[in-house]
Amino acid sequence: QNFHYLVYLLVMLSVQGITKRFGRKTAVRDVSFAVRPGEIFALIGPNGSGKTTIVKLIAGLLQPSGGDVQVFGKSVTKDPVATKSVVGYIPDEPAVWAAMTGGEFLHFTGALYGIPEKERLARVRKLLNAFRLAGLEQEYFEDYSRGNKQKFAIVAALLHRPKLLLIDEPIVGLDPTSAELAKREFSAFAKRGGAILLVTHTLPVAEEIAARIGVLKEGTLVAQGTMAELRRRARLGPKAPLEAVYRKLAER
């Protein structure tokens with residue numbers, strides 16, 4: 001128990017040589033990285049590079065063909081209930097029963113995590129206000145815009161106060177104001193000691209809020225580090241934007 005707590009203090013998420021094969025196709029090949037408490041780690045790469053597969057492996061939605069994932073010092077495959085209880089997952093496409101209201105969705109999610117009703121009501125109210133959704137929770141999910149569906153998915157992921165957030169393309173579909181709000185909430189979550197794995201095509205977002213960045217190419221992690229470290233590896237100047245760094249590293 002003390003060992004697990006020590007691991008948690010140092011590393012919230014540890015991805016250890018994970019590989020995922022679908023038939024003859026290897027989607028992810030021997031990928032390793034770690035995310036510490038208080039840190040936002042971004043994974044970037046083109047379509048088909050394995051980003052979403054990695055997120056689903058960490059979330060326990062897919063089983064690895066090799067390697068292991070540990071959250072809070074515990075294996076996702078060997079102790080799925082304990083690990084999932086401290087993880088919040090925001091998928092790239094919010095999938096909810098269309099005939100459910102936003103409020104019903106949030107209370108259903110909170111109940112699954114065992115949050116008592118009184119506490120659940122208070123948390124839902126606070127998060128709805130934070131994301132400027134108050135009043136919309138009475139409407140049905142099928143009537144929401146893409147952006148509001150995404151915001152409800154973010155609120156649902158934060159509801160049980162997770163220690164690790166897995167975020168797959170969080171800004172897609174959000175208007176500029178909501179995108180800024182989401183970025184602020186994610187940064188605040190990390191400042192409170194939470195860890196975030198952010199998967200995104202929006203390179204300026206990764207550059208703005210991530211402490212470290214991993215570059216994926218054809219299922220392999222070809223580089224990882226701070227912006228300064230990645231710039232040096234790409235042999236670019238100290239002000240080179242992530243887009244230029246990414247292009248240089250992904251060409252190799």
Side-chain angles (χ1 to χ4, degrees), residues 10-20 25-59 67 69 89-92 150 154 164-176 178-191 194-252:
L10 299 171
V11 175
M12 174 60 71
L13 169 66
S14 177
V15 176
Q16 304 167 354
I18 56 168
T19 294
K20 180 61 180 176
K25 177 180 170 57
T26 301
V28 176
R29 189 187 308 275
D30 195 23
V31 168
S32 298
F33 62 88
V35 187
R36 294 180 287 270
E39 182 178 51
I40 299 176
F41 183 91
L43 268 183
I44 62 173
N47 288 333
S49 60
K51 300 187 304 298
T52 294
T53 300
I54 289 172
V55 172
K56 288 182 175 179
L57 287 165
I58 296 166
V69 176
Y89 174 46
I90 304 169
D92 57 341
Q150 184 75 342
I154 293 171
L164 170 67
L165 267 184
L166 305 175
I167 309 172
D168 196 348
E169 293 296 355
I171 307 302
V172 175
L174 296 184
D175 60 78
S178 297
E180 282 301 316
L181 180 62
K183 286 189 291 185
R184 281 203 304 271
E185 285 294 323
F186 297 150
S187 295
F189 176 86
K191 283 177 183 173
I196 294 179
L197 174 64
L198 173 72
V199 168
T200 183
H201 287 300
T202 316
L203 300 189
V205 172
E207 186 172 358
E208 182 183 349
I209 68 172
R212 290 186 303 122
I213 297 167
V215 181
L216 277 170
K217 180 182 179 183
E218 296 174 358
T220 301
L221 195 61
V222 295
Q224 62 176 305
T226 63
M227 273 301 298
E229 290 167 343
L230 293 177
R231 285 180 181 121
R232 283 196 295 272
R233 180 158 181 176
R235 297 182 180 177
L236 293 172
K239 293 185 178 179
L242 179 57
E243 189 174 343
V245 173
Y246 166 71
R247 276 201 309 268
K248 197 83 178 285
L249 293 171
E251 282 171 3
R252 295 179 177 177

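- Judged as a side chain to side chain contact (heavy atoms under 4.5 Å, CB included), and not counting sequence neighbours, the contacts of P204 are T202.
- Across all their heavy atoms, S49 and P46 have their closest contact at OG-O, 2.7 Å.
- Partner I44 forms a side-chain contact (heavy atoms from CB on, under 4.5 Å) with one of V199, L242, L216 and no other, that one being L242.
- Taking both residues in full, the closest heavy atoms of I167 and I196 are given as CD1-CG2, 3.6 Å, listed atom of the first, atom of the second, then distance.
- When atom types are taken as modelled, the side chain of R231 and the backbone of P238 share a donor-acceptor pair closer than 3.5 angstrom.
- For the pair I213 and M227, the minimum side-chain heavy-atom distance is below 4.5 Å.
- When all heavy atoms of A223 and L230 are compared, the pair lying nearest together is CB-CD2, 3.9 Å.
- One distance of note links NZ of K20 with CD1 of I54; it measures 12.5 Å at 0.5 Å rounding.
- Across every non-hydrogen atom of S32 and Q224, the tightest pair is O-NE2, 3.1 Å.
- The existence of a salt bridge linking E243 and R247 is confirmed by a sub-4.0 Å separation between a basic side-chain nitrogen and an acidic carboxylate oxygen.
- Nearest heavy atoms, G50 versus V28: O-CG2, 3.9 Å.
- Side chain of K51 to main chain of G45: a donor-acceptor pair is present (N/O by atom type, distance under 3.5 Å, no hydrogens or angles).
- The main-chain N or O of A34 is never found under 3.5 Å from a side-chain atom of S14 such that the two would form a donor-acceptor pair.
- Within a 6.0 Å radius of CD in E218, other residues, nucleotides and ligands contribute 12 heavy atoms or fewer.
- Taking both residues in full, the closest heavy atoms of S187 and I209 are given as OG-CG2, 3.9 Å, listed atom of the first, atom of the second, then distance.
- To the nearest 0.5 Å, atom CZ of residue R233 and atom NZ of residue K248 are 12.5 Å apart.
- Residues V35 and M12 are not in side-chain contact: their nearest non-hydrogen atoms beyond the backbone lie 4.5 Å or more apart.
- Atom NZ of residue K217 and atom CG of residue L249 lie 10.0 Å apart, to the nearest 0.5 angstrom.
- Atom CG of L198 sits about 10.0 Å away from atom CG of L165, to the nearest 0.5 Å.
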Could you please spell out the steps behind the side-chain contact (heavy atoms from CB on, under 4.5 Å) verdict for L13 and F41? CA-CA 10 Å; L13 169 66; F41 183 91; over 6 Å; no
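- Atom-to-atom distance recorded for Q150:CD and I90:CD1 is 7.0 Å, nearest 0.5 angstrom.
- Note: K56 NZ to Y89 OH = 5.5 Å, rounded to the nearest 0.5 Å.
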